[in-house]
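This one's a predicted model, so the numbers in the text were calculated from it and none came from an experiment. Residue numbers start at 1 and run along the sequence shown.
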Amino acid sequence: MKNLTELQGNWNETKGKLKQKFALLTDNDLLLLEGKQDEMLGRLQAKLGKTKDEINKIISEL
């Protein structure tokens with residue numbers, strides 16, 4: 001996955017792409033707060049039924 005600083009810098013764009021790809025995601029699912037990256041990834045894993053590695057790959061390919 002992109003490093004946290006890079007991810008935060010482009011997060012609004014990345015968040016929009018994730019919401020387009022997975023319509024069931026909400027803004028609350030995609031809250032990226034400092035120190036809460038693992039919590040957000042856990043929510044995405046549960047909601048999308050994907051592994052952490054799969055989530056990281058999806059995000060890095062956007």
A.B. asks: Sequence neighbours left out, what passes salt bridge (Lys or Arg N to Asp or Glu O under 4.0 Å) with Lys52? Give chain and number order.
C.D. replies: Asp38
A.B. asks: Should Leu41 and Ile59 count as side-chain neighbours, where that means a heavy-atom distance under 4.5 Å?
C.D. replies: yes
A.B. asks: Got a list of side-chain donor-acceptor pairs under 3.5 Å for residues 17-24, not counting sequence neighbours?
C.D. replies:
residue, atom, partner, partner atom, Å
Lys17, NZ, Glu13, OE2, 3.2
Lys19, NZ, Asp27, OD1, 2.7

A.B. asks: Distance from Ile55 atom CD1 to Lys47 atom NZ, nearest 0.5 Å?
C.D. replies: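 If I round to the nearest 0.5 Å, the distance is 12.0 Å.
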A.B. asks: For the atom pair CG (Asn56) and CD (Glu61), what is the distance rounded to the nearest 0.5 Å?
C.D. replies: 11.0 Å
A.B. asks: For Asn28 and Arg43, which heavy atoms make the closest approach, and how far apart are they?
C.D. replies: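 Taking Asn28 first and Arg43 second, the nearest heavy atoms are O-NH2, 3.1 Å.
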A.B. asks: Which heavy atom of Lys15 sits nearest to which heavy atom of Leu30, and what is that distance?
C.D. replies: CG-CD1, 3.5 Å
A.B. asks: Please name all residues satisfying salt bridge (Lys or Arg N to Asp or Glu O under 4.0 Å) with Asp53, sequence neighbours left out, ordered by chain then number.
C.D. replies: none
A.B. asks: Between atom OG1 of Thr26 and atom CG of Leu31, what is the distance when rounded to the nearest 0.5 Å?
C.D. replies: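 It is 8.0 Å, given to the nearest 0.5 Å.
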